[in-house]
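Values below: all heavy atoms of this structure, side chains included; hydrogens, waters and symmetry mates excluded.
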Amino acid sequence: MRVPRISRTRYAAVGLVLATAGALALPAGTAVAAPAADSTTGPLLSYVVNTKANHGQVQKVEKAVTTLGGTVVYSYEQIGVVIARSNDTKFAEKLRQAKGVESVGASRTKGITAADQSKAEVAAEPTTAPAPGQEPYEANQWDMRQIGVDKAHAISLGSRNVTVGVLDSGIDATHEDLAPNVDASQSVSCIDGGKPNTDWKSWQPTTSDHGTHVSGTIAAAKNGKGIVGIAPNVKLAAVKVVDDGGFIYPEYAICGFVWAGEHQFKVTNNSYYVDPWMFNCPNDKDQEAITAAVRKAVAFSQRKGVLNVAAAGNENIDLAHKTTDVSSPDDTTPGTRPVTNDCLSLPTELPGVIAVSSVGVKGEKAYYSSYGKGVVTVAAPGGDRRYQLPDTPDKDGRILSTIPGNKYGYMQGTSMATPHVTGVVALLASTFPWAGPDELTDLLTSQAESHACPTGQFNPGGAGQWKATCEGGENDNGFYGAGIINAEKAVQWWR
């Protein structure tokens, strides 16, 4: 998956429309040019079209899309975004001239295909009986002990009034550790061109373990089976935004954030960056439109009371001092291009989003984790296989969690750090039910354990490509933000 790699019901508040190719007659009076004689046919692409968030404006944009031979896939009137498709290579250029259209951007560079995704390494069966009160694999969950989850559970397991949206590759709702907490009534797939599909099968995982793995970290049930999650009594909603090729295209993410807002989740987990651009730059019309559309969807969810948590990335990039992108576009042939701090990783660098860096078993920045002063909010255990703990039976420095088929497996990455933060936010929301996104953010950062920068240049891998320089003081720096999260403090209302 693209995250940090180691990767028609209408919604009335967002304003986004999706479209597909399909010739229609030119309606009289439409403020858009008819298809030109020099139109060229190319691969079928998806587009995000931004307009004002009201019914009339969205209808005008839909009409302009179809007039140009495109197809409307879905419209999010709430935010003023229309998702469309067309195989006309000049479609965006023409549509930008239509009245009421603010911006248009192709959301991909390759016509719609699929590929395999990486899998977790399956964990061996436990060889010893668990200690009294523990789950069978709990002894291997060094990450939970690192942030005080065992102590937090003596006070709270979380509230059933809290729903966590997992924007990912789907959740195995039949898994013994997840079935008690997955809420099918709030789950959805967004990978059908950005159009929500609530059919049960649509949001189940197909080619990826990723969404099931992060879900276990957040809320695996405390039921005497497998592992235990940080907030084992909260509800999980699967919001499938990763297709079978491992891509999270803008229209998928937009659908996910609007769904989260409409269903008033307390928190969402976003262990990915939006494809196909690692960074979306304002000097590119396509990328500018993508940023605008995703920004509107995220802001909509926030207005509805959702706090969004996102991964910083696995490229060991200083997000506060961007210079070069060598990974984009990742759905065709990546090239090297200069970037600046105006170029944003989505959704990580959007206002109000909690950006998470990763630490290993020693509590230091994982070698792969991206970072950045003023970008990273907090840090959390995401694993680092090179380091081990003596009290871990199998001594694996990665994160153990649920994977499809009633199995358990190891993965590492800021993808794994992010659900630790999401789980702690779920505990905070359970402890402080009155708290909105801003209050939850303040609570999260105030309970984090301060962690100073390492002395000198950090070079954990012993190789030059992993060098990283940490900026900032003990309570706010580029590696750890406000510090490493603490689950125990999250449930102490008297602190």
Side-chain angles (χ1 to χ4, degrees), residues 10-16 48 50-54 76-81 102 161-168 186 188 190 194 196 218 234-237 239 241 248 250-274 280 289-312 344-356 374-378 418-419 421-430 432-446 481-482 485 490:
R10 275 199 180 86
Y11 286 101
V14 199
L16 168 66
V48 293
N50 292 290
T51 185
K52 294 190 183 303
N54 66 62
Y76 291 91
E77 292 184 0
Q78 310 94 312
I79 56 171
V81 177
E102 296 175 349
N161 294 323
V162 171
T163 299
V164 178
V166 181
L167 276 65
D168 213 291
Q186 298 191 82
V188 69
C190 286
I218 297 166
V234 304
K235 294 180 182 178
L236 293 167
V239 182
V241 297
I248 306 95
E251 57 269 30
Y252 306 165
I254 290 162
C255 169
F257 286 116
V258 175
W259 183 269
E262 292 285 15
H263 290 78
Q264 297 184 312
F265 299 158
K266 273 293 187 180
V267 56
T268 68
N269 189 87
N270 303 273
S271 289
Y272 61 86
Y273 68 76
V274 171
N280 290 268
I290 289 169
T291 299
V294 176
R295 185 191 296 270
K296 289 199 283 186
V298 169
F300 171 76
S301 71
Q302 292 165 342
R303 292 194 300 272
K304 292 290 188 176
V306 183
L307 179 59
N308 301 296
V309 182
L344 302 181
S345 175
L346 303 176
T348 301
E349 293 189 89
L350 291 176
V353 174
I354 301 295
V356 183
V375 179
V376 169
T377 311
V378 289
T418 303
V421 176
T422 300
V424 169
V425 171
L427 288 180
L428 285 166
S430 301
F432 306 96
W434 49 264
D438 292 342
E439 291 83 5
L440 288 172
T441 298
D442 289 342
L443 289 164
L444 177 72
T445 54
S446 68
I485 56 168

**OP:** Over all heavy atoms of both residues, which pair between T418 and A310 is shortest? Give the atoms and the distance, please.
**Re:** OG1-C, 3.8 Å
**OP:** With rounding to the nearest 0.5 Å, note down the distance linking OG1 in T441 to CG in L307.
**Re:** 4.5 Å
**OP:** Find out whether R295 and P351 are in side-chain contact, i.e. whether some heavy atom of one side chain is under 4.5 Å from a heavy atom of the other.
**Re:** yes
Subject >> By side chain to side chain contact (heavy atoms under 4.5 Å, CB included) - contacts of A237 (at least two apart) >> reply: T163, Q186, S187, F265
Subject >> Over all atoms of both residues, closest heavy-atom pair of A312 and T348 >> reply: CA-CG2, 4.1 Å
Original post:
How long is the gap from OG1 on T291 to CG on L346, to the nearest 0.5 Å?
Top reply: 4.5 Å
**OP:** Show your working on side-chain contact (heavy atoms from CB on, under 4.5 Å) between V353 and Q302 and close with a plain yes or no.
**Re:** CA-CA 9 Å; V353 174; Q302 292 165 342; 4.2 Å; yes
Subject >> Flag side-chain contact, heavy atom, 4.5 Å: Y272 against P347 >> reply: yes
Subject >> Euclidean distance, L350 CG relative to F257 CZ, rounded to 0.5 Å >> reply: 7.5 Å
Original post:
Can you check side-chain hydrogen bond (donor to acceptor under 3.5 Å, both in side chains) on T268 and N308, steps first, answer last?
Top reply: CA-CA 5 Å; T268 68; N308 301 296; 2.5 Å; yes
Subject >> Approximate separation, where rounding is to 0.5 Å, of Y76 OH and E251 CD >> reply: 9.5 Å
Original post:
Among all residues two or more places apart in sequence or in another chain, which pass the side chain to side chain contact (heavy atoms under 4.5 Å, CB included) test with E439?
Top reply: W434, A435
**OP:** Report yes or no: does E349 contribute a side-chain atom to a donor-acceptor pair with the main-chain N or O of S345 at less than 3.5 Å?
**Re:** yes
Subject >> Residue pair D168 / S271: nearest heavy atoms and the distance that separates them >> reply: OD2-CB, 4.1 Å
Original post:
Shortest non-hydrogen contact from V241 to Y252?
Top reply: O-CD1, 3.1 Å
Subject >> Value rounded to 0.5 Å, distance of OG1 in T422 from CD1 in I485 >> reply: 8.5 Å
**OP:** Could you tell me which residues satisfy side chain to side chain contact (heavy atoms under 4.5 Å, CB included) with T377, sequence neighbours excluded, listed by chain and number?
**Re:** I354, A355, T445
Subject >> E102 side, atom CD; K52 side, atom NZ - distance, nearest 0.5 Å >> reply: 5.0 Å
Original post:
If you look at every heavy atom in V162 and K266, which pair is closest and at what distance?
Top reply: CG1-CB, 4.0 Å
Subject >> For P433 against S430, the heavy-atom pair lying closest together >> reply: CD-O, 3.8 Å
Original post:
Under 4.5 Å between any side-chain heavy atoms of V239 and C190, yes or no?
Top reply: yes
